Structure formats: structure tokens, C-alpha cells
Amino acid sequence: MPLTLHDVSVVLRRYGLPSAAALRALPGGLSHETYHVRVGDPRSHRTHPAYVVKRLVAGVNRPGFLAELDRAWSIERRMWAAGVRMPRPVPDPRTGAGYVRVAGLGTFRLHEFLDGRSATGAATDPEVVTEAGALLASVHAAAQTGPPQACDLAGFGITEACRQLVAAERGRKPQLEAAIPAAEELTRSLAAERLVLRPTLTTHRDVDPKNVLLRRDGGLVLVDWDVAALADPHHELTSATLDWAGAVDRRFDATLGERFLAGYRGDGGPAGVVADGVAIWLLQYLRWFEFGLRQRAKAAGGTGVGPATLPAAAASRIVDWGCRWAPQTAEDLAAIRTWVAGQVDQPLRLVHDGDRADRAGG
């Protein structure tokens, strides 16, 4: 159920703030709900602060979720202190944590509101794409290094998830009959990949157009730090470049990819595009598609283990997206790999802070 003005006022009081005076749901969230909130007495003539209240939805009851959120919060605070362009995060005044849990309502995060619009609608503007590359460079420049982390490329159940959904909701069968073979082809392509273990950085991990706001002055700010964690920055750069080159929501556009890299390199980004980054990019979206399939099946017919943790409408949006993304990506994959291979440069050597290796070489 959507939050009411009373619900949001209860959350704001946990942050030591006045009650909500006005409330407006914001579009776009799939794994969370977001609301633009003004506080204070609306009859007063003085200006009232505005906030974004986010209710986390997907995965909140999963073991380890809050520990991951705590780690993401420590990264977000560090990035804010370093001057990365982002909304000011508001901690729980009692615990200092980056979230509050309110009985009967859920788990919430709070940020100061910044006026702007999603960069998704401007993601074909070369100037915006270049600026987005520079924004990612600022994140990597402010990050701390960490040890290499292994990544498992196996374990997908897309075919089984598809069968569950078709059994529960046969109306999507034609879409899925076209999309699932393509998704299986993409999954098989990962079997031949060999990932290179490199030092990691504390970083955002989801720098795509939907998580960037375009402000009225033309500047960009980075939002949604909930999954910030250690990641290979070369993988993140490759994935973000493909996202901004249109390979997720449209068709791959090499010219836009080059603009994103120009912005990143021009702002001193320390990473380079790497061939195995394509596998990581595929991995994250295949997982997202499978998640949507299973969530939609649970919502439609109760199949699978446990209840759905995502609203049916959000799960449907993921499935519909995946049914478009998988066939076009399978068709474009060879061209994407060829383009990335042509962009590979010698990445600067990132050394884990705990190592004794000399940093002088890069």
C-alpha cells in the first residue's frame, strides 16, 4: 500500500523532523518506493525543507541485507564528505545508521531533496553522457581500495523461472518463447569467460541513467547508493559505459560509449575498459531478469518458494524489459565485444591499501 501523509510523518519523527505537510509519490522505483516530502506548517510563509523518503522493498527480509546496507552507508557518507555530487544523506539521529525501521511500515532511508529529473530522458544527449562519465570518475577518485573479489558467473535458473511464470500466467508465453532462448544464449556465453582478479574500490555499482539526476543548471548528481560496495572499477566502468551507450534500454550506440569514456578519462578516472567487464555487465542483467521472472510468477500464481517480495506491477516491468533486452543483446553481443576490445587501454594499476606493493608505477 502507498504511504499516507500520516505514515511519512511517523518516519520523519524518527529522524527528529516535523510532520509532513505535503507528500508526492515519485515515479521510477522498482526495488523501492520514493516520496517527495515537505515538512512544517504549509500555512506558514517561510520556506520549508524538502526531503526524499525512500521505503526499501526488494530483499529487506533477506539475511545479510542490513549488513550490506550498513556497508553501503559508510561508502555513501565518505563520498558525500569527499564532495561527490549527490543528495545529502540523513542519518538516524539516535544510532547514526543510514536507515530507520518503523514497525508496521518498513525500512526507510532519507535524503535532502534536489530538484531535477531523471537523466534517462537525456541519455542520448552527448554532452550529458560525457558529464556522466566525469561523474563516475569523481566517485572512483574518492574511493578506497580493497582486495580482489571472486565472482561466480554460473547458477542461473532462467529457464525454470520462465516455466514457473508461464504456468502461472500464460498470457506472457509468446514474449517469453522469444526471449528465453536469447537469455539462455547469453548465459552460455558466460561459461567461456575467465575473469581477471584485480584490486577493488568502494564504489556506487549502479551508475546508469536512472540513478542520475539532471538538474536545471545542467549538472548531474548521483542518487541511489543502496548497493554501494567493493567492486572492480574496471568492471564498473565497462558496465556503466555500456549502460550509457544504450545497450540496456535501446540499441547499442558506440558513439555514446565513446563520449562516456571521454568524460571519464578527461576527469582523471583511474580505471580502464576491460574485455571481461562485458561478462559482469551481462551477469547483473541476467540476474535482474531472472529475479523479475520469479517474482512475477510468485505474484501471479504463488509458484516458487516463499512469497513475492516485489509488487506485481514492478515485477511485470522487469519481465517486459527482459523480454526486449535479451533478444536485442544476443543480436548485438558480438558487436559489443568487438567495440569493447577496441577500447581496451592499459588500466592504471590499483593497489590494495593492505598490500606493500609500490604505487609508483600507477
Side-chain angles (χ1 to χ4, degrees), residues 1-2 25-34 54-62 65 118 120-121 123 153-190 205-206 208-211 224 226-227 239 242-243 246-252 278-333 336:
M1 293 289 293
L26 298 174
L30 289 175
S31 58
H32 55 261
E33 302 167 8
T34 52
K54 178 191 293 184
R55 176 161 64 177
L56 304 177
V57 176
V60 290
N61 296 317
R62 175 174 53 81
F65 175 82
S118 169
T120 301
L153 294 176
F156 293 104
I158 285 180
T159 302
E160 175 58 30
C162 172
R163 281 199 291 264
Q164 290 180 1
L165 180 53
V166 169
E169 185 187 43
R170 298 191 66 83
R172 278 192 168 82
K173 187 176 180 181
Q175 291 174 273
L176 293 168
E177 284 180 338
I180 296 306
E184 291 172 337
E185 179 184 341
L186 295 174
T187 301
R188 286 192 297 271
S189 77
L190 296 180
R205 293 178 62 230
D206 198 12
D208 68 7
K210 75 178 186 312
N211 289 330
D224 284 346
D226 305 337
V227 297
S239 293
L242 294 177
D243 286 352
V248 177
D249 297 314
R250 303 181 307 279
R251 298 304 289 260
F252 174 68
V278 178
I280 297 299
W281 179 76
L282 288 173
L283 176 73
Q284 67 188 42
Y285 286 114
L286 285 167
R287 283 177 172 169
W288 186 237
F289 188 22
E290 183 189 13
F291 174 71
L293 288 166
R294 294 192 185 281
Q295 289 293 308
R296 182 57 203 163
K298 291 178 180 181
T303 56
V305 178
T309 59
L310 199 66
S316 291
R317 286 170 60 191
I318 297 172
V319 171
D320 291 344
W321 161 82
C323 285
R324 296 188 304 271
W325 172 80
Q328 76 180 34
T329 302
E331 184 177 332
D332 292 349
L333 185 58
I336 289 172

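All values derive from a computational prediction rather than experimental measurement.
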Please check this pair: side chain of Arg294 against backbone of Gly157, looking for a donor-acceptor N/O pair closer than 3.5 Å.
yes
Test side-chain contact (heavy atoms from CB on, under 4.5 Å) on Thr187 and Glu290 and set out the steps.
CA-CA 11 Å; Thr187 301; Glu290 183 189 13; over 6 Å; no
Which residues satisfy the salt bridge (Lys or Arg N to Asp or Glu O under 4.0 Å) test with Arg205, sequence neighbours excluded?
none
Could you walk me through whether Asp249 and Asp208 pass the side-chain contact (heavy atoms from CB on, under 4.5 Å) test, one step at a time?
CA-CA 11 Å; Asp249 297 314; Asp208 68 7; over 6 Å; no
Tyr285/Trp288 aromatic ring centres below 6.0 Å:
no
Trace of the side-chain contact (heavy atoms from CB on, under 4.5 Å) decision for Thr329 with Phe252:
CA-CA 8 Å; Thr329 302; Phe252 174 68; over 6 Å; no
Does the side chain of Phe156 reach to within under 4.5 Å of the side chain of Leu283, using non-hydrogen atoms?
yes
Who pairs with Glu185 by salt bridge (Lys or Arg N to Asp or Glu O under 4.0 Å), at least two apart in sequence or on another chain?
none
Electrostatic pair Arg172-Asp320, nearest N-O below 4.0 angstrom:
yes
Would you give the length of the straight line joining atom CD of Gln295 to atom CG of Leu165, rounded to the nearest 0.5 angstrom?
11.5 Å
So, for Ala179 and Gly322, which heavy atoms are closest and what is the spacing to 0.1 Å?
CB-O, 4.4 Å
Nearest heavy-atom approach of Ala168 to Ala300 is CB-CB, 4.0 Å
Is there a side-chain contact between Leu242 and Ile336 (heavy atoms, below 4.5 Å)?
yes
State, yes or no, whether a side-chain contact exists between Val319 and Glu169 at a heavy-atom distance under 4.5 Å.
no
Quick one: side chain to side chain contact (heavy atoms under 4.5 Å, CB included) partners of Ala183, sequence neighbours excluded?
Ile158, Leu286, Phe289, Ala326
Kindly indicate, with the supporting measurements, whether the criterion salt bridge (Lys or Arg N to Asp or Glu O under 4.0 Å) is fulfilled by Arg163 and Glu160.
CA-CA 5 Å; Arg163 281 199 291 264; Glu160 175 58 30; 2.9 Å; yes
Heavy-atom check, side chain of Cys323 versus side chain of Leu176, under 4.5 Å:
yes
Measuring from atom CZ of Arg324 to atom CD of Gln175, what distance do you get when rounded to the nearest 0.5 angstrom?
9.0 Å
Side chain to side chain contact (heavy atoms under 4.5 Å, CB included) against Pro181, all qualifying residues, sequence neighbours excluded:
none
State the SG-NZ distance between Cys162 and Lys173, to the nearest 0.5 angstrom.
9.5 Å
What closest approach, in Å, do Ala161 and Leu293 show between heavy atoms, and which atom pair accounts for it?
CB-CB, 3.8 Å
Residue list, salt bridge (Lys or Arg N to Asp or Glu O under 4.0 Å) with Glu33, at least two apart or on another chain:
Arg55
Can you find a heavy atom in the side chain of Lys54 that is under 4.5 Å from one in the side chain of Asp226?
yes
Sequence neighbours excluded, the answer for salt bridge (Lys or Arg N to Asp or Glu O under 4.0 Å) partners of Arg251 is Glu331, Asp332
Nearest atoms (heavy-atom pairs only) where Val60 meets Val57:
CG2-O, 3.5 Å
Using every non-hydrogen atom in the two residues, find where Pro327 and Ala178 come nearest and quote the distance to one decimal.
CG-O, 4.2 Å
